[in-house]
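For ligands, and for the atoms within them, numbers begin at 1 and follow the listed sequence.
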Amino acid sequence: MDSLAAPQDRLVEQLLSPRTQAQRRLKDIDKQYVGFATLPNQVHRKSVKKGFDFTLMVAGESGLGKSTLVHSLFLTDLYKDRKLLSAEERINQTVEILKHTVDIEEKGVKLKLTIVDTPGFGDAVNNFECWKPITDYVDQQFEQYFRDESGLNRKNIQDNRVHCCLYFISPFGHGLRPVDVGFMKALHEKVNIVPLIAKADCLVPSEIRKLKDRIREEIDKFGIHVYQFPECDSDEDEDFKQQDRELKESAPFAVIGSNTVVEAKGQRVRGRLYPWGIVEVENQAHCDFVKLRNMLIRTHMHDLKDVTCDVHYENYRAHCIQQMTSKLTQDSRMESPIPILPLPTPDSETEKLIRMKDEEGRAGR
Ligand code: GDP
């Protein structure tokens with residue numbers, strides 16, 4: 001390019017300050033780029049403008065510290081109006097599903113957080129299939145999403161699918177109870193389950209290690225698929241890899257929750273004050289709260305949403321389409337004397353047809 005410039009242009013160039021010369025050279029280099037290197041910035045700006053949403057379910061026997069932990073995690077009291085039932089009322093109580101939504105903002109980034117609570121779970125005398133209302137709820141959210149996605153206006157679909165379920169395990173037992181196994185087995189193909197040992201301050205470190213080993217063994221033995229942290233990229237720095245290893249080794253996380261701030265060694269910390277000392281929620285020597293919070297909010301929130309969408313929802317969708325296809329094949333067989341071969345995998349045309357058929361059926365009802 002330089003060689004093509006007129007001699008007077010070259011003279012002007014030499015008279016410019018070194019800084020301006022450098023800026024011009026940069027502009028020339030810029031001309032050689034198409035500009036798609038700015039795509040991440042565009043995506044970033046758009047996502048920040050749109051805001052994020054996340055739906056977290058908490059489940060486990062009442063009194064295990066679920067609401068206290070949610071308060072400690074998001075520093076928001078979602079349970080101001082909670083009414084605790086008496087023992088008599090709880091006898092006849094069935095599992096309820098309660099949804100609380102809050103909009104939180106941090107450094108200009110907005111998060112619409114929905115907490116799905118499951119009061120009454122595991123509280124009855126007979127806990128036979130007490131997880132049923134919870135599995136139904138998760139399925140209903142998938143169904144709603146499936147319908148919205150298949151509808152005409154797909155632009156502003158509300159995603160109410162449950163992205164993660166924190167499952168609270170009692171620290172007082174010797175591992176998983178039948179209700180824990182039942183719950184996790186009923187939901188593990190539908191939602192990302194993160195098991196937690198509740199109220200970890202009730203156990204000494206050796207007891208926590210023993211209980212963690214036991215729970216890991218039982219999870220394996222019963223073939224329960226809890227949320228698997230993704231493999232760390234090989235090009236990550238050593239610190240990050242170390243953090244990732246520690247995270248994986250700590251599961252199931254042993255957590256402590258507290259709604260109060262206490263003074264420990266001259267500092268105000270979130271903790272629990274006992275006559276013999278203070279347990280600090282955010283002290284990694286006391287419990288895994290910080291690991292859980294980092295995982296949930298800082299490092300894995302996006303992956304939890306991805307797995308929900310790409311694995312759990314896809315499974316539900318594939319199952320639905322399969323059912324609809326076989327129904328369609330059956331109906332056609334009844335109507336047509338010519339045998340119709342079953343469709344192995346439905347393509348988009350078939351899907352469209354099924355949807356139309358479904359709509360027709362509903363309109364006719
Ligand atoms: P939920 O019914 O599962 O929501 O339980 P809550 O959060 O209402 O807690 C029940 C009781 O346990 C309350 O008195 C809490 O202060 C207490 N609690 C909550 N978290 C902890 C914890 O980590 N350790 C101990 N020791 N107690 C806790």
Item to complete: Would you please determine whether H71 falls within less than 4.0 Å of ligand 1 on a heavy-atom basis?
Response: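 Distance cut 4.0 Å: H71 fails for ligand 1.
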
Discussion item. Quick check on F289 - does any of its heavy atoms sit under 4.0 Å from an atom of ligand 1?
Written reply: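 So F289 does not count as touching ligand 1.
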
Consider every N or O of [X] and every N or O of ligand 1, then say whether any pair is closer than 3.5 Å.
X	value
C202	no
K66	yes
A200	no
G63	yes

Worksheet item: Which other residues belong to the hydrophobic cluster containing L98, where Ile, Leu, Val, Met, Phe, Trp and Tyr are joined when side-chain heavy atoms lie under 4.5 Å apart, directly or via other members?
Response: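 So far as hydrophobic clustering goes, L98 is joined with none.
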
Can I get a per-line list of side-chain donor-acceptor pairs under 3.5 Å for residues 252-264, giving both atom names and the distance, sequence neighbours left out?
residue: S258; atom: OG; partner: T260; partner atom: N; Å: 3.0
residue: S258; atom: OG; partner: T260; partner atom: O; Å: 3.2
residue: S258; atom: OG; partner: T260; partner atom: OG1; Å: 3.2
residue: S258; atom: OG; partner: G271; partner atom: O; Å: 2.7
residue: N259; atom: OD1; partner: H71; partner atom: ND1; Å: 3.4
residue: T260; atom: OG1; partner: G271; partner atom: O; Å: 3.4

Practice prompt. Scan side-chain atoms only and decide if Q140 and D136 contain a donor-acceptor pair under the 3.5 Å cut-off.
Written response: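 Result is no, nothing qualifies.
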
Discussion item. Let me confirm one number: the CZ-CD distance from R161 to Q141, rounded to the nearest 0.5 Å.
Written reply: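 Going from the CZ atom of R161 to the CD atom of Q141 covers 10.5 Å.
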
Worksheet entry | SB check R177 D180 (cutoff 4.0 Å) |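 Yes.
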
Worksheet entry | Residue selection (non-hydrogen contact nearest atom 26 (N) of ligand 1) among I197, T260, D201 |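 The nearest heavy atom belongs to D201.
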
Worksheet item: Under 4.0 Å from ligand 1, counting heavy atoms only, is it the side chain of I256, its backbone, both or neither?
Response: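 It is both backbone and side chain that touch ligand 1.
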
Worksheet entry | Heavy-atom closest contact (H300 atom, P230 atom, distance) |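 That closest heavy-atom pairing would be CD2-CD, 3.4 Å.
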
